[in-house]
Amino acid sequence: MNRVALITGSTSGIGLGIAKQFAQNGYHIMFHGLESNGLEIATQVGNKNNVKTAFSNVNLMQPDQVEELVKKTYDIFGRLDVLVNNAGIQYVSPIDEFPNDKYEAIIAINMNAAFYASKAAWKYMKEQNFGRIINISSVHGLRASEYKTAYVTAKHGVIGMTKVLGLEGAPYNITCNAICPGYVRTPLVEKQIPDQAKSHNMSEEEVINKVMLKKQAVKSFVPVEALADMALLLAKETSSTITGSEFVLDGGWTAQ
Ligand code: NAD
């Protein structure tokens with residue numbers, strides 16, 4: 001049996017890396033994201049790995065659309081084994097200038113969507129007596145940085161949610177874990193560089209070396225492939241006792 005994975009935000013960055021790794025390992029994939037070439041990406045990955053894929057571009061700001069995405073996945077594939085709550089956005093600003101709409105969008109996409117998707121997936125996973133929920137939190141789910149009120153709040157919230165779902169899923173062979181990456185060079189991070197440069201009054205080069213990677217002992221971006229390997233491990237049948245935990249891939253940031 002080929003298992004089925006729904007990965008939110010899988011037409012870019014970390015989500016795409018996870019989707020490719022899962023497809024290479026025989027998973028059928030429900031791709032999702034706002035990128036205009038999403039269908040093309042899904043088709044290419046499917047053809048290359050001989051697995052079934054589909055694509056949705058629903059907006060995770062809307063709870064009913066999140067539920068629709070999960071239902072659509074089940075309707076198309078007939079199962080839902082792995083849910084990776086990965087989609088996320090970032091906005092960097094001192095609190096007194098932080099726009100309310102940006103705060104609310106970050107909470108909705110980075111945290112609330114994980115709740116609505118997990119809730120909708122729960123009934124299928126319970127029926128199957130198998131489910132693997134993987135939340136992509138962040139080192140910012142465990143540590144704070146200035147100018148990231150909304151992001152740090154949401155990512156800490158996701159870790160709390162992960163623990164609760166780990167407990168509630170235990171009787172049904174549903175696990176829930178969080179992956180906490182340090183800095184990964186994806187479009188989300190590329191977009192932050194100019195904002196951070198402005199907030200810190202530095203050049204973009206200085207922001208990378210003195211702000212972003214400052215707290216990592218390993219002075220390089222975390223490879224997407226390492227996160228994908230971690231997700232694949234958490235999704236395995238044999239990982240049934242790994243639950244309610246966070247897995248930190250942060251170049252030694254939180255070791256300090
Ligand atoms: P990315 O910008 O490359 O990808 C984000 C994905 O989310 C895209 O597919 C985008 O279309 C989707 N998305 C954004 N808003 C959406 C919305 N309203 N509705 C539906 N889809 C939406 O970002 P990434 O760096 O790959 O980030 C993926 C996850 O990893 C995020 O949760 C992010 O917070 C987390 N993370 C990233 C880093 C990093 O350094 N890049 C570090 C730690 C955690």
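Hydrogens, waters and symmetry mates play no part in the numbers below; they use all other heavy atoms, side chains included. One-based numbering, in listed order, for ligands and for the atoms of each. Residues take their numbers from the sequence shown, with the count starting at 1.
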Mode of [X] contact toward ligand 1 - side chain, backbone, both, neither (heavy atoms, under 4.0 Å):
X: I14; answer: both
X: V189; answer: side chain
X: V58; answer: backbone
X: H140; answer: neither
X: I109; answer: side chain
X: C180; answer: neither

For [atom], what's the nearest protein heavy atom and its distance?
atom: atom 34 (O) of ligand 1; result: Y151 OH, 2.6 Å
atom: atom 31 (C) of ligand 1; result: N86 O, 3.1 Å
atom: atom 40 (O) of ligand 1; result: V184 N, 2.7 Å
atom: atom 16 (C) of ligand 1; result: L34 CD1, 3.5 Å
atom: atom 44 (C) of ligand 1; result: S137 O, 3.2 Å
atom: atom 13 (N) of ligand 1; result: A87 CB, 4.1 Å
atom: atom 21 (N) of ligand 1; result: H32 CE1, 3.3 Å
atom: atom 25 (O) of ligand 1; result: T186 OG1, 2.3 Å

Quick check: closest heavy atoms across [X] and [Y], and the distance to 0.1 Å?
X: H200; Y: V211; answer: NE2-CG1, 3.7 Å
X: L213; Y: K219; answer: O-NZ, 2.8 Å
X: T53; Y: A42; answer: OG1-O, 2.8 Å
X: L34; Y: N57; answer: CD2-O, 3.7 Å

(message) Other residues, nucleotides and ligands only: do more than 12 of their heavy atoms fall within 6.0 Å of NZ on K102?
(response) no
(request) Answer yes or no: are there more than 12 heavy-atom neighbours, outside Q256 itself, under 6.0 Å from its atom CD? (result) yes
(message) Using a plain distance cutoff, I'd like to know if P181 has any nitrogen or oxygen under 3.5 Å from a nitrogen or oxygen of ligand 1.
(response) no
(request) Quick one: which residue pairs count as a side chain to side chain donor-acceptor pair (under 3.5 Å) with a foot in residues 172-184, not counting sequence neighbours? (result) R132-N173, K148-Y183
Hey, which atoms in ligand 1 end up nearer than 4.0 Å to a heavy atom of [X]?
X: I89; answer: 14 (C), 15 (N)
X: G9; answer: 6 (C), 7 (O), 9 (O), 12 (C)
X: T11; answer: 9 (O)
X: Y183; answer: 40 (O)
X: N59; answer: 17 (C), 18 (N), 19 (N)
X: P187; answer: 3 (O)
X: G13; answer: 3 (O), 26 (O)
X: E35; answer: 8 (C), 9 (O), 10 (C), 11 (O)

(message) Using side-chain heavy atoms (C-beta onward) and a distance below 4.5 Å, is I193 in contact with M212?
(response) yes
(request) Using a 4.5 Å cut-off on heavy atoms from C-beta on, say whether the side chain of Q65 contacts that of L60. (result) no
(request) Check whether any heavy atom of K155 sits under 4.0 Å from an atom of ligand 1. (result) yes
(message) Could you check whether any heavy atom of G182 sits closer than 4.0 Å to an atom of ligand 1, since that is the contact criterion I want to use?
(response) yes
(message) Checking side chain to side chain donor-acceptor pair (under 3.5 Å) between T11 and each of E35, E40, H32, which is the one that passes?
(response) E35
(request) State the CZ-OG1 distance between F221 and T186, to the nearest 0.5 angstrom. (result) 9.0 Å
(message) Just to verify, what does K163 make a side-chain contact (heavy atoms from CB on, under 4.5 Å) with, not counting sequence neighbours?
(response) I159, E246
(request) Verify whether the ring centers belonging to Y103 and Y91 lie closer than 6.0 Å. (result) no
(message) Using the side chain to side chain contact (heavy atoms under 4.5 Å, CB included) definition, which of the options V82, I18, L227 pairs with I134?
(response) V82
(request) Identify whether the distance between the nearest side-chain nitrogen and carboxylate oxygen of K71 and D75 falls below 4.0 Å. (result) yes
